[in-house]
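Here's the structure we're looking at; comments come further down.
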Amino acid sequence: MALAQEESSLEARAQALDRQLICPVCPGETLNQSQATLAKQMRQILRDRLADGQTEQEITDYFVSVYGELVLAAPPKHGFLLTAWLVPPAALLAGITVLVLTIRRLRKPLALVPAAELEASNDVELEPYLDLVDKEMRGTAVKDQPGRGAAPWRS
Amino acid sequence: MAELGTASIILALALAVYAAAGSLAGVWWRAPGLAISARRATYLVALVLGVATAALVVAFLRNEFGIQYVAENSNLAMPRIYTWVAFYAGNEGSLLYVAMALSVVSALTVWLLPRRLGALRPYTNIVLMLVVTFYLVVLMVLANPFRELAVVPVDGRGINPLLTHPGMFFHPPMLMLGLIATTVPFALATAGLLARKVDDDWVDWGRTWGIVAWALLGTGLLLGAWWAYTILGWGGYWAWDPVENAALMPFLGLTAFIHSIMVQKRRGMFRMWNIALINVTFGLANFGVFINRGGPVPSVHSFGASTLGWVFLAFLAVTVVGSFALFYYRLGILRSAQRLESALSREAAFLVNNLLLLGIAFVTMWGVVFPLLSEAVSGHTVTVAEPFYNQVNGPLMLALIALMGIGPLLPWRHATWTTLRRTMIVPFPVAAVLVAALAIGGVHKPVALLGFGVSGLVAASVLQEWVRGTHARHRASGAAYPVAFLQLIGANRPRYGGYVVHLAVVMLAFGIIGSSFYSLERDVILPVGQRAAIGEYEVEFVRTDTERFADRTERTATLRIYRDGQPLDTMTAWQAVYPSFRMISTRAAIRMTPVEDLYVLFSEVQPDGRSAAFRLLVNPLMLWMWLSGPVLLLGTVVALWPSRQRALAYAPALIAEPRVRP
């Protein structure tokens with residue numbers, strides 16, 4: 001009981017169209033997902049129209065004329081609604097720009113203040129930081145003992 | 001029970017306030033006694049909320065319909081076993097669950113912080129207890145699960161039939177736990193800022209809790225997909241529904257976080273970025289709570305209480321503004337310890353990883369928010385659903401998987417062409433051969449081929465690492481290969497756990513590619529005794545059995561499956577009609593093999609009583625998607641398993657141009 005070739009390609013087109021239309025009375029479910037009576041009726045209507053020879057665009061336009069634009073599962077690509085499609089690539093480009101600039105900036109050498117200058121400045125506020133550095137160096141020396149196998153972070 | 005429950009919530013609130021205030025006072029007035037006492041209060045909060053939870057569960061078990069929440073979510077006919085599910089089925093109960101979960105997680109966090117991180121403890125306690133306080137105030141004032149009815153009804157309304165599914169025992173609690181656990185790495189990072197720490201003390205536990213929250217949230221999402229697949233009746237598992245998206249976004253943020261935190265742990269870099277990232281992730285988690293309970297966007301899932309929505313929106317605003325204000329204020333003390341040596345390095349790859357993950361999160365957010373925006377700005381009412389996300393997020397996800405294959409092949413600091421050649425010489429050709437083999441074997445859709453190709457690249461690069469690493473160990477220590485392999489994993493747990501998780505993602509990708517591009521679907525009305533064909537199967541409708549209960553009518557359809565004319569299997573599909581909820585709950589008959597799923601959904605019995613509507617589906621590779629869950633958890637466990645050797649904590653805090661703010 002295999003489906004005839006033409007029937008199956010019509011059905012394939014219908015299924016694709018089901019996924020592009022929203023059931024108007026359900027919260028955001030496509031015709032493919034919804035179990036509502038209206039969704040079933042719409043699925044039948046679109047199959048009948050496809051069998052009659054209408055194109056996907058004509059059928060979509062028909063449903064939009066009856067239910068409004070919210071019956072489309074994605075915003076149409078014209079007018080104000082085109083921004084829905086333009087913003088993501090723009091954001092990605094902005095992100096890539098930021099990334100490139102960040103990589104450039106992170107590659108610049110850190111402006112380390114030479115030790116002589118530090119001592120000469122006699123800055124009392126630096127003391128806690130210098131103590132911290134001393135403590136770290138002492139701490140690392142203890143941890144860095146050669147042991148069996150590398151530390152888990154080394155590959 | 002109602003009095004006990006309400007009293008517990010009030011007591012917990014008082015304790016939480018004391019814990020936050022006491023910790024703060026302990027630091028300000030340098031009174032360690034106060035801080036210790038505040039910590040103990042934190043443990044008590046968890047205990048007291050445990051009592052409140054128990055009170056609600058007992059109220060359900062004793063059918064105390066005088067309590068409004070119990071009456072709304074259960075009835076006399078409900079099987080006892082669903083009590084746990086009914087507990088969090090509604091808004092108030094799930095908020096109590098969230099508060100309780102957060103209090104337990106907070107107690108654990110504070111308890112586990114070692115003494116050497118003493119400076120962080122009180123501040124972490126403050127942040128965690130402030131969030132707990134918020135939830136408890138909401139519970140007490142707006143959403144008390146123990147509110148009583150003036151007149152005690154004889155029977156309750158019953159549990160929502162969609163929830164009577166094994167998945168419901170795990171999906172909501174894990175998901176909510178994962179979302180709320182995001183608070184912990186946020187609290188640790190914020191504590192570091194509040195304590196004016198210039199080093200990376202918080203990173204160890206920040207990473208651990210980040211991974212824990214990530215694993216919980218990921219498992220929750222996967223369980224939700226499984227639940228949708230078996231019960232919702234359309235044969236799919238993800239609908240880009242606003243509530244699904246709301247849980248996905250913090251998951252993506254956490255994924256980015258657990259990767260870039262590795263760079264901070266290993267090289268002391270990305271200090272500023274990681275704080276900003278965890279702030280954003282916590283914000284996304286709160287945004288998720290807002291969407292789930294505020295209902296500005298309609299969804300299959302939402303609880304839809306509108307006053308609550310404003311409260312959560314306000315909380316979201318306060319936490320985002322507050323956390324970034326603190327971040328900006330402390331920016332001066334956060335300095336990277338190292339510079340980025342090359343754009344071709346693992347560090348840079350992690351930056352690209354973050355870009356892609358946040359890009360996907362942004363697109364998802366945009367899709368959720370755009371209908372509201374469009375309505376407000378132009379008056380057009382539009383829907384943003386699957387086709388949008390497939391076209392926009394699809395390429396980003398492909399790029400992410402490709403990066404997952406290339407990233408681990410890049411060395412730290414910088415890559416030379418020689419090292420690159422050495423690491424990439426095997427995986428790329430293997431992936432290419434795989435693609436060619438698939439193309440010859442009948443897979444012709446270009447996007448599917450690309451998807452399989454990048455997935456193959458990941459698998460090949462992971463296997464290459466395993467083989468080379470094991471071989472090297474075997475050569476060095478003389479151990480047999482299996483032993484060498486286990487030793488390799490044991491010595492590099494975070495890395496190899498990560499590899500296992502990457503393999504889980506590949507399995508997930510296989511399931512998504514197979515089912516998205518090659519599934520077959522057919523809706524039929526079958527008379528009893530007739531067969532319908534789909535793919536290489538034939539499905540015969542044998543008979544229906546009906547069983548009536550007090551609150552529902554259950555029907556089971558028995559089906560016989562044939563392949564190439566030969567009988568293959570017998571399956572049963574099930575449905576239950578609930579007149580009081582005006583809902584039908586279904587359980588699809590699914591025959592799972594590693595190659596494909598045969599999926600039969602029993603829809604309506606026709607008026608003549610002798611035929612029924614069915615949806616038949618063949619979904620390739622779905623089993624791999626579900627298997628990815630346990631593999632993901634295994635990888636997480638390996639990655640988090642503490643090793644006897646103390647981890648090399650962090651790079652010495654080299655500070656460039658220290659700017660000390662008074």
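Each chain gets a letter, A, B and so on, in the order the sequences are listed, and its residues count up from 1.
- Residue Leu232(B) holds its CG atom at 8.0 Å from CD of Glu29(A), rounded to the nearest 0.5 Å.
- In this structure, CG in Leu70(A) is found 10.5 Å from OG in Ser374(B), a value given to the nearest 0.5 Å.
- Ser477(B) does not touch chain A: none of its heavy atoms, backbone or side chain, sits under 4.5 Å away.
- Looking only at heavy-atom pairs under 4.5 Å with chain B, the residue among Thr30(A), Ile96(A), Val87(A), Val100(A) that has the most is Val87(A).
- Taking the side chain as every heavy atom from C-beta outward, Phe370(B) and Leu81(A) approach each other to under 4.5 Å.
- Ranked by heavy-atom pairs under 4.5 Å with chain B, the first of Thr102(A), Asn32(A), Ile22(A) is Asn32(A).
- With hydrogens and angles ignored, the 3.5 Å screen pairs no side-chain donor or acceptor of Trp366(B) with any backbone N or O of Pro88(A).
- Using a 4.5 Å cut-off between heavy atoms, Gln35(A) contacts chain B through its side chain alone, with no backbone atom that close.
- In this structure, chain B has a heavy atom under 4.5 Å from the side chain of Leu99(A), while its backbone stays farther away.
- Counting heavy-atom pairs under 4.5 Å between each of Val71(A), Thr83(A), Val98(A) and chain B puts Thr83(A) at the top.
- At most 12 heavy atoms of other shown residues, nucleotides or ligands fall within 6.0 angstrom of atom CZ in Arg104(A).
- Looking at Leu355(B), only its side chain comes within 4.5 Å of chain A, counting heavy atoms on both sides.
- Only the side chain of Leu396(B) has a heavy atom closer than 4.5 Å to any heavy atom of chain A.
- Interface remark: Glu521(B) contributes backbone and side-chain atoms alike to the contact with chain A (heavy atom separation under 4.5 Å).
- Rounding to the nearest 0.5 Å gives a distance of 10.0 Å between OG1 of Thr383(B) and CG of Leu21(A).
- One finds the CD atom of Glu11(A) at 11.0 Å from the CG atom of Leu520(B) (value rounded to the nearest 0.5 Å).
- Only the side chain of Glu604(B) comes within contact range of chain A, with at least one heavy atom under 4.5 Å from a heavy atom of that chain.
- One finds the OG1 atom of Thr381(B) at 8.0 Å from the CD atom of Glu69(A) (value rounded to the nearest 0.5 Å).
- Chosen from Leu351(B), Ile534(B), Val363(B), the residue pairing most often with chain A at heavy-atom distances under 4.5 Å is Leu351(B).
- For chain A, the nearby parts of Val352(B) are the backbone and the side chain; heavy atoms of each come within less than 4.5 Å.
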Should Leu340(B) and Ile103(A) be marked as a side chain to side chain contact (heavy atoms under 4.5 Å, CB included) after you check the CA-CA gap, both sets of side-chain angles, and the distance that decides it? CA-CA 7 Å; Leu340(B) 189 74; Ile103(A) 291 184; 3.4 Å; yes
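- Residues of residues 36-57 of chain A that come within less than 4.5 angstrom of chain B, heavy atom to heavy atom, are Lys40(A), Arg43(A) in numerical order.
- When the candidates Ala12(A), Ala74(A), Ala73(A) are compared by the number of heavy-atom contacts under 4.5 Å with chain B, Ala73(A) comes out ahead.
- Contacts between residues 385-393 of chain B and chain A, counted as heavy-atom pairs separated by less than 4.5 Å, involve Ala385(B), Glu386(B), Pro387(B), Phe388(B), Gln391(B), Val392(B).
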